[in-house]
Asker: 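Here it is, the structure, as structure tokens.
Note that this is a predicted model, so its numbers are computed, not measured.
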Amino acid sequence: MSGLIYQKEHRVKYYECDATKQISIPMLLNIMLYVSGEQSYKLGVGDAVLLEKGLSWIILQNDIHIQRLPEAGETITITTQALSYNKLFTYREFKAFDETGELCVQVHCTFALMDFAARKMARIAEDVVAPYQVEASKKLIRTPKPEKVDLEKAATIDYSVRYLDIDANQHVNNSKYLDWFLDSLGLDFIKTHRIKSLNVKYEKEVAYGNMVQSKVSLSTQEDGSIISAHQIVNHDVLSCEASMVWEPLNE
């Protein structure tokens, strides 16, 4: 049985939006993670409690489906629910609804616990997840992998990892990868296309001061949709990969 549902209203601010006047995907993901963090805090298993155990949650993969992105001034409701867990992974769902109750965005997220000292995944103890009232399951939920970049056709942009790109875990924040992916597409593409889905898989940490390469390639499907395939490479090591499905906006 899935765990407790937690929800919170949020009024979209203008500074949370991008040039399309819609909330940016990185910002929406940050807000969703804040809501799940608030749930954890109220259940007595917040970040500070985990830190005392030398642990922190990390995201391994996000599978995002978008009906539409809310605009500045809208009040949205964010819901989050732990779905299941096993000895290494836990699965959580997020949803964003508009003021009429229509679903705007749905996210399936795979988490793991990181041992700070060992810098590797830790076994998920029952006392950490018990407050969410979620059942253990031996079943692994396998989210499809992102589409691969066509390296022969890929464009490449270099980015230097700045202080504000890293978080309390001392590596690049998950949302920053989305910034790099979207930036590589360019403003003209983003303003003339609508994003429908996004699949992101995190592989290796990127640290402050690293120089990374963002690679992107585009392919057009039979139905007219476009798939953008992305990867972030750090010293020839794959750090993160993603693919997005876009549809052209009507003229």
Asker: Output yes when K53 and D115 qualify as a salt bridge under the 4.0 Å nitrogen-oxygen rule, no when they do not.
Answerer: no
Asker: Could you go through N199 and Q61, starting from their C-alpha distance and side-chain angles, then the distance that decides it, and tell me whether this counts as side chain to side chain donor-acceptor pair (under 3.5 Å)?
Answerer: CA-CA 7 Å; N199 186 349; Q61 190 163 3; 2.8 Å; yes
Asker: So, S225 versus W246: side-chain donor-acceptor pair below 3.5 Å or not?
Answerer: no
Asker: Please evaluate residues S36 and Y6 with respect to the criterion side chain to side chain contact (heavy atoms under 4.5 Å, CB included), reporting the C-alpha separation (whole Å), side-chain torsions for both, the decisive distance (0.1 Å), and the verdict.
Answerer: CA-CA 8 Å; S36 66; Y6 184 78; over 6 Å; no
Asker: Can you tell whether the side chains of E205 and R119 come within less than 4.0 Å, N to carboxylate O?
Answerer: yes
Asker: Does E247 form a salt bridge (Lys or Arg N to Asp or Glu O under 4.0 Å) with R194? I'd like the steps, not just the answer.
Answerer: CA-CA 5 Å; E247 64 179 16; R194 178 185 296 110; 2.7 Å; yes
Asker: Taking atom types as modelled, find out whether E102 and Q67 have a side-chain donor-acceptor pair closer than 3.5 angstrom.
Answerer: no
Asker: Ignoring hydrogens and geometry beyond distance, is a side-chain donor-acceptor pair present between T80 and R92 at under 3.5 Å?
Answerer: yes
Asker: Would K201 and E203 pass as an ion pair if we require N to O under 4.0 Å?
Answerer: yes
Asker: Under a 4.0 Å N-O cut-off, is there an ion pair linking K148 with E241?
Answerer: yes
Asker: Identify each donor-acceptor pair in which a side-chain atom of residues 177-187 lies under 3.5 Å from a protein atom, sequence neighbours left out, and give them as a table.
Answerer:
from: D179; atom 1: OD2; to: K176; atom 2: NZ; distance (Å): 3.0
from: D183; atom 1: OD2; to: Y159; atom 2: OH; distance (Å): 2.4
from: S184; atom 1: OG; to: F181; atom 2: O; distance (Å): 2.6

Asker: Using a distance-only test with no angle check, is there a side-chain donor-acceptor pair under 3.5 angstrom linking S239 and N234?
Answerer: no
Asker: Atom CD1 in I25, atom CD in Q22: separation rounded to 0.5 Å?
Answerer: 9.0 Å
Asker: T110 vs I59, test: side chain to side chain contact (heavy atoms under 4.5 Å, CB included). Steps then yes/no.
Answerer: CA-CA 6 Å; T110 303; I59 299 175; over 6 Å; no
Asker: Inspect the contact between E74 and R11 and indicate whether a charged nitrogen and a carboxylate oxygen are less than 4.0 angstrom apart.
Answerer: no
Asker: Does one hydrophobic cluster hold both I76 and I31, with members joined at side-chain heavy-atom distances below 4.5 Å?
Answerer: yes
Asker: Checking side-chain polar atoms at under 3.5 Å, does K21 have a donor or acceptor matched by the opposite partner on Y14?
Answerer: no
